[in-house]
Participant: 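Below is the structure I would like to discuss, written out as structure tokens.
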Amino acid sequence: MAHWLFKSEPDVFGYDHLVAAKREGWDGVRNYQARNFMRLMQVGEQAIFYHSMAKPAGAAGICEIVKAAEPDPTQFDPATKYFDPKSKPEDPLWAWVTVGPVEKFRHFVSLDELRAMPALAESRLVARGNRLSVLPLTEPEFDTIVAAGRHP
DNA sequence: GCCAACGTTGGC
DNA sequence: GCCAACGTTGGC
């Protein structure tokens, strides 16, 4: 089983929104690398739900893949900001996965804390200039974040 | 609001 | 195919 991390701006869609929605298609990913990661995701795999552009930014909880990749419908909808005229229904460019909530962390793990963890030193999450919104984590990286989030 | 980093675009 | 310009992301 692979492990992942999703970034979202909590002002737009935070962990509590996912809890309220119960499941949600992860729309709007328009980066090929992030899309390719989503295509690899399998039902039941877990991911860290990370709050970006927040004060502070950090890990809010755990979510899981409840439906594998399929075309992101917003790419065909001119009413959304994710509309992509280059994408054709017979050959969709962009994918989404559907995620559901698993566990909200008792302790929000701030980016400062994540940076201080030796187990995360090699992760893309804390790399300079990291702009990828969907990325893989190793099992130790994932477990380290979860352990911190469960800590009182 | 600023700035660094990086992906994408478009001219050649 | 190269690369400069531009736009977006994300932390601060």
Side-chain angles (χ1 to χ4, degrees), chain A residues 2-21 24-41 45-65 69-99 101-138 140-151:
Chain A
H3 297 84
W4 309 96
L5 180 143
F6 289 92
K7 288 184 194 170
S8 184
E9 299 180 30
D11 291 347
V12 179
F13 189 82
Y15 195 84
D16 291 339
H17 294 104
L18 180 61
V19 172
E24 189 79 11
W26 203 267
D27 65 7
V29 171
R30 296 294 179 268
N31 170 283
Y32 288 102
Q33 218 177 344
R35 179 205 65 185
N36 293 344
F37 287 138
M38 288 200 295
R39 285 179 173 171
L40 295 173
M41 293 176 184
E45 290 180 338
Q46 296 194 336
I48 299 295
F49 193 117
Y50 178 90
H51 285 178
S52 63
M53 309 294 276
K55 295 172 185 172
I62 305 170
C63 59
E64 72 176 337
I65 312 305
E70 57 191 346
D72 176 350
T74 63
Q75 69 196 302
F76 306 122
D77 183 355
T80 75
K81 64 175 182 172
Y82 301 126
F83 176 65
D84 185 347
K86 296 192 301 297
S87 186
K88 303 286 176 254
E90 63 274 17
D91 185 23
L93 265 181
W94 305 111
W96 76 7
V97 294
T98 302
V99 302
V102 174
E103 175 183 337
K104 180 176 179 173
F105 288 147
R106 300 166 63 188
H107 171 73
F108 181 86
V109 189
S110 71
L111 181 57
D112 280 351
E113 292 174 76
L114 295 169
R115 286 211 170 107
M117 295 174 181
L120 292 179
E122 303 298 315
S123 171
R124 296 190 67 161
L125 178 61
V126 297
R128 270 169 65 82
N130 160 46
R131 290 173 41 198
L132 203 56
S133 63
V134 177
L135 54 106
L137 296 174
T138 66
E141 288 168 351
F142 180 85
D143 290 346
T144 297
I145 297 171
V146 170
R150 286 177 177 160
H151 202 267

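Throughout, protein chains are lettered first and strands after them, A, B, ... in sequence-line order, and every chain is numbered starting at 1.
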Participant: A:Phe108 vs A:His51 aromatic rings, parallel, tilted or perpendicular, using cut-offs 30° and 60°?
Facilitator: tilted

Participant: What is the distance from CE of A:Met53 to P of B:dC2, rounded to the nearest Å?
Facilitator: 15 Å

Participant: How close or far is atom P of C:dG10 from atom CD of A:Glu9, stated in whole angstroms?
Facilitator: 7 Å

Participant: Tell me whether the side-chain N/O atoms of A:Tyr50 come closer than 4.0 Å to OP1 or OP2 in C:dG11.
Facilitator: yes

Participant: What's the NZ-C1' distance between A:Lys86 and B:dT9, to the nearest Å?
Facilitator: 9 Å

Participant: In whole Å, what is the span from the CG atom of A:Asp84 to the P atom of C:dT8?
Facilitator: 14 Å

Participant: Between A:Arg115 (CZ) and C:dG10 (P), how many Å, whole number?
Facilitator: 13 Å

Participant: How long is the line joining CZ of A:Phe6 and P of C:dG10, in whole Å?
Facilitator: 14 Å

Participant: Below 4.0 angstrom from OP1 or OP2 of C:dG10, is there any side-chain N or O of A:Lys7?
Facilitator: yes

Participant: Does atom NE2 of A:His151 have more than 12 heavy-atom neighbours, drawn from other residues, nucleotides or ligands, at distances under 6.0 Å?
Facilitator: no

Participant: CG of A:Asn130 versus P of C:dT9: gap in Å, rounded?
Facilitator: 13 Å

Participant: Check this for me: A:Glu70, atom CD, are more than 12 non-hydrogen atoms of other residues, nucleotides or ligands nearer than 6.0 Å?
Facilitator: yes

Participant: Indicate the ring-plane relationship of A:Tyr15 and A:Phe49, choosing parallel, tilted or perpendicular according to the 30° and 60° boundaries.
Facilitator: perpendicular

Participant: May I have the distance from A:Tyr32 (atom OH) to B:dG7 (atom C1'), rounded to whole angstrom?
Facilitator: 11 Å

